[in-house]
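Notes follow the structure.
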Protein chains: 2
Amino acid sequence: MRVLAGAWTAHVIWYLRGGERCFTELQLDIGRVSAKILTNCLRKLEREGIIARSRKSTSPPTVWYCLTPAGQELCGALVNLVDVAQRLKRSQIEIS
Amino acid sequence: MRVLAGAWTAHVIWYLRGGERCFTELQLDIGRVSAKILTNCLRKLEREGIIARSRKSTSPPTVWYCLTPAGQELCGALVNLVDVAQRLKRSQIEIS
DNA sequence: CCGTATCCGTTTGGATACTG
DNA sequence: CAGTATCCAAACGGATACGG
């Protein structure tokens, strides 16, 4: 839970589950997240070995992020959690 | 993730997975959590339909909490997540 | 026993401007 | 493009005192 803490951490992992994304793509995917927060998030996940960062020296330079094997395992559990959560949410809507 | 937000929310679900617990038991289980925070946490989870609250009019009165069916499903996903996380943690320790 | 109320410090995240 | 720096507001969480 400590790894997943923060309002946007799960989103980052979520949008990386399809493969590599660059900084701006992630920012657009998530929507309404400031560069500062996204950077914090990415640095934290990088330190924890969940994502990998690779700088391509093109012009203009882009930086790509992807899940490490560890990140993919974590993502699997996260997907499972989201799945359960959405199912429960649907049930609650039906009741109300 | 919104449901699981907060430093102690996951702990509450975690310690309720074995069955009913009263307020004080939960406080001892988790350790070093103030009554205020625990109450916040319990109220939030109650509103979200994850746990159920039942007041027994004994003397002194005690209040019992348990997971709802929805809470149990969520707990299952959480257990799975914890399982993955611990496996990853062990791997990292072996590498370092 | 099970909370609620209040105060207060810390952390978090957003807005904005700026750099290589 | 991909950040970094600064400032600021809101949320979070701990301590303590008190109430039903």
Side-chain angles (χ1 to χ4, degrees), chain A residues 1-68 71 78, chain B residues 1-16 18-68 71 74 78:
Chain A
M1 294 312 295
R2 186 180 47 72
V3 170
L4 294 179
W8 303 109
T9 312
H11 291 263
V12 170
I13 298 175
W14 186 254
Y15 287 110
L16 281 176
R17 77 191 186 287
E20 251 188 351
R21 304 292 278 166
C22 78
F23 189 87
T24 308
E25 284 174 336
L26 276 175
Q27 203 168 10
L28 293 176
D29 285 340
I30 297 174
R32 302 178 312 284
V33 61
S34 64
K36 176 184 132 184
I37 302 301
L38 186 53
T39 303
N40 277 354
C41 218
L42 291 167
R43 291 283 177 281
K44 184 164 65 77
L45 289 172
E46 196 189 349
R47 277 199 309 274
E48 283 156 345
I50 306 300
I51 65 174
R53 182 174 183 272
S54 63
R55 180 186 304 244
K56 315 256 171 171
S57 297
T58 55
S59 175
T62 55
V63 182
W64 294 89
Y65 296 93
C66 62
L67 294 173
T68 61
L78 192 61
Chain B
M1 294 312 295
R2 186 180 48 74
V3 170
L4 294 178
W8 303 108
T9 311
H11 292 262
V12 171
I13 298 176
W14 186 253
Y15 288 111
L16 281 177
E20 249 188 352
R21 303 293 278 169
C22 79
F23 188 89
T24 310
E25 284 174 337
L26 277 174
Q27 203 169 11
L28 293 175
D29 285 340
I30 298 173
R32 300 180 312 285
V33 62
S34 65
K36 177 184 130 181
I37 302 301
L38 187 52
T39 303
N40 278 354
C41 217
L42 291 167
R43 291 286 179 278
K44 184 164 66 78
L45 289 172
E46 197 189 348
R47 276 198 310 275
E48 283 157 345
I50 305 302
I51 65 175
R53 181 173 184 271
S54 63
R55 180 186 303 245
K56 315 257 172 169
S57 296
T58 56
S59 176
T62 55
V63 181
W64 295 88
Y65 296 93
C66 63
L67 294 174
T68 61
L74 195 63
L78 193 62

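Values reported hereafter were calculated over all heavy atoms of this structure, with side chains retained and with hydrogens, waters and symmetry mates removed. Here is the naming used below: chain letters follow the sequence lines, and residue numbers restart at 1 for every chain.
Put simply, B/W8 has a side-chain N or O that comes within less than 4.0 Å of OP1 or OP2 on D/dG14. At D/dC1, one or more side-chain N or O atoms of A/T24 fall inside 4.0 Å of OP1 or OP2 (strictly under the cut-off).
Here the closest non-hydrogen pair linking A/L4 and B/M1 is CB-CE, 4.1 Å.
The CG-P distance, from A/L26 to D/dA2, rounds to 10 Å in whole Å. In this structure, CZ of B/R21 is placed 16 Å from C1' of C/dC1, rounded to the nearest angstrom. For the pair B/I37 CD1 and C/dC2 P, the interatomic distance rounds to 18 Å; values are reported in whole Å. Note: CH2 (B/W64) to P (C/dC2) measures 8 Å, nearest angstrom. Going from atom CG of B/L38 over to atom C1' of C/dC2 covers 10 Å, rounded to whole Å. In this structure, A/R2 atom CZ and C/dT12 atom P are separated by 12 Å, rounded to whole Å. The CD-P distance, from B/Q27 to C/dT4, rounds to 13 Å in whole Å.
With A/K44 contributing its side chain and A/V3 its backbone, the two residues share a donor-acceptor pair below 3.5 Å.
With values rounded to the nearest 0.5 angstrom, A/Q27 atom CD is found 7.5 Å from A/S34 atom OG. Atom SG of A/C22 is separated from atom CH2 of A/W64 by 4.5 Å, given to the nearest 0.5 angstrom.
The side chain of A/A7 approaches C/dG13 more closely than any other nucleotide in the set D/dG13, C/dG13, D/dA2.
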| task | Go through the steps to decide whether B/C66 and B/R53 satisfy the test side-chain contact (heavy atoms from CB on, under 4.5 Å), and finish with yes or no. | result | CA-CA 7 Å; B/C66 63; B/R53 181 173 184 271; over 6 Å; no
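Under the 6.0 Å cut-off for aromatic ring centres, B/W14 and B/H11 do not qualify, their centroids lying 6.0 Å or more apart.
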Pairwise N/O distances under 3.5 Å, protein to nucleotides 3-9 of chain D:
from: D/dG3; atom 1: OP1; to: A/R43; atom 2: NH2; distance (Å): 3.0
from: D/dG3; atom 1: OP1; to: A/R53; atom 2: NH2; distance (Å): 2.4
from: D/dG3; atom 1: OP2; to: A/Y65; atom 2: OH; distance (Å): 2.5

